[in-house]
Visitor: 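I'd like to ask you about the structure that follows.
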Amino acid sequence: MTADHEPHLVDIHVGARIRLRRKAMGLTQTQLANSVGITFQQLQKYERGANRVSASKLYGMAVTLQISVAWFFEGMASLEDSGESDPRTQAVLRFMATKEGVELASLVPQLPMAQRLQILALAKTLSMDDEAERAAG
């Protein structure tokens, strides 16, 4: 983790890729965790990027998930090019580190454009309501 206790970009990316592949293969967190000798709670921390995955555990997951270890790092820009300090990038990474982030990210593109725009409008409205509550409270 970084000094401000935020998960590192690499850990978030690897965790999101673990979750993505696990769900694609229809495995539960318990099943994947058992395959590499950890608890499902530890796997949850890996998937959120809260804890770093050791090389041996990452290798074991790659075997179980039938992919190469390199697959976990695909699509990750170098840290210099990643825009790590960009607030929008940080927001996307925080979203993808949540339990529902990957699932929403995989489901929303399947919806017709009109429904996606409705979801966006709803999210903006809920966000404004939440901000107003915090300001008042």
Visitor: State yes or no: do Met25 and Ile38 share one hydrophobic cluster built from I, L, V, M, F, W and Y residues joined by side-chain heavy-atom distances below 4.5 Å, directly or via other members?
Guide: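 Yes, it is one cluster - the side chains of Met25 and Ile38 are joined through contacts under 4.5 Å.
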
Visitor: Please collect all salt bridge (charged side-chain N to carboxylate O under 4.0 Å, His left out) contacts where either partner lies in residues 61-76, sequence neighbours excluded, each pair once.
Guide: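 Output for this query lists Arg17-Glu74.
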
Visitor: Nearest 0.5 Å please: distance from the CD1 atom of Ile18 over to the OG1 atom of Thr64.
Guide: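 Spacing of CD1 (Ile18) from OG1 (Thr64) equals 11.0 Å.
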
Visitor: List for me each residue that meets side-chain hydrogen bond (donor to acceptor under 3.5 Å, both in side chains) alongside Gln44, sequence neighbours excluded, and say none if there are none.
Guide: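 side-chain hydrogen bond (donor to acceptor under 3.5 Å, both in side chains) check on Gln44 returns Gln29.
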
Visitor: Extract all donor-acceptor atom pairs below 3.5 Å that involve side chains of residues 55-62 and protein atoms in other chains or at least two apart in sequence.
Guide:
from, atom 1, to, atom 2, distance (Å)
Ser56, OG, Ser54, OG, 3.3
Lys57, NZ, Val36, O, 2.9

Visitor: Closest heavy-atom contact between Gln66 and Arg21?
Guide: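 So the minimum-distance heavy-atom pair works out to O-NH2, 3.7 Å.
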
Visitor: Take Phe72 and Leu65 through the test side-chain contact (heavy atoms from CB on, under 4.5 Å) and record every step on the way to the result.
Guide: CA-CA 11 Å; Phe72 294 113; Leu65 297 172; 4.2 Å; yes

Visitor: In chain order, what residues pass the side-chain hydrogen bond (donor to acceptor under 3.5 Å, both in side chains) check against Ser106, with sequence neighbours excluded?
Guide: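 Here no residue qualifies.
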
Visitor: Please name all residues satisfying side chain to side chain contact (heavy atoms under 4.5 Å, CB included) with Leu111, sequence neighbours left out, ordered by chain then number.
Guide: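 Per chain and number, Leu111 pairs via side chain to side chain contact (heavy atoms under 4.5 Å, CB included) with Gln115, Arg116, Ile119.
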
Visitor: Working to the nearest 0.5 Å, report the span between CG of Leu32 and CG of Leu43.
Guide: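 Between atom CG of Leu32 and atom CG of Leu43 there are 5.0 Å.
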
Visitor: Please identify each residue that fulfils salt bridge (charged side-chain N to carboxylate O under 4.0 Å, His left out) with Arg22, with sequence neighbours left out.
Guide: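 By the salt bridge (charged side-chain N to carboxylate O under 4.0 Å, His left out) rule, Arg22 matches Glu47.
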
Visitor: Among all residues two or more places apart in sequence or in another chain, which pass the side chain to side chain contact (heavy atoms under 4.5 Å, CB included) test with Thr30?
Guide: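 If we apply the side chain to side chain contact (heavy atoms under 4.5 Å, CB included) test to Thr30, skipping adjacent residues, the hits are Thr28, Asn34, Phe40.
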
Visitor: To the nearest 0.5 Å, what is the distance between CZ on Arg19 and OH on Tyr46?
Guide: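 Taking CZ in Arg19 and OH in Tyr46, the distance rounds to 14.5 Å.
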
Visitor: Restricting to side chain to side chain contact (heavy atoms under 4.5 Å, CB included), what partner residues turn up for Leu104, sequence neighbours left out?
Guide: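 So Leu104 forms a side chain to side chain contact (heavy atoms under 4.5 Å, CB included) with Phe95, Glu100, Val108.
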
Visitor: In Å, rounded to the nearest 0.5 Å, how long is the span from CE of Met128 to NZ of Lys124?
Guide: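 It comes to 8.5 Å.
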
Visitor: Is it possible for you to say whether Leu107 and Leu120 belong to one hydrophobic cluster, with membership spreading through side-chain heavy-atom contacts below 4.5 Å?
Guide: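 Not linked; separate clusters.
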
Visitor: Under 4.5 Å side-chain heavy-atom separation, chaining through any Ile, Leu, Val, Met, Phe, Trp or Tyr, what else clusters with Met113? Say none if it is isolated.
Guide: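 Same cluster as Met113: Leu117.
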
Visitor: Which residue pairs pass the salt bridge (charged side-chain N to carboxylate O under 4.0 Å, His left out) test with at least one member in residues 32-41, sequence neighbours excluded?
Guide: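 Qualifying pairs, neighbours excluded: none.
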
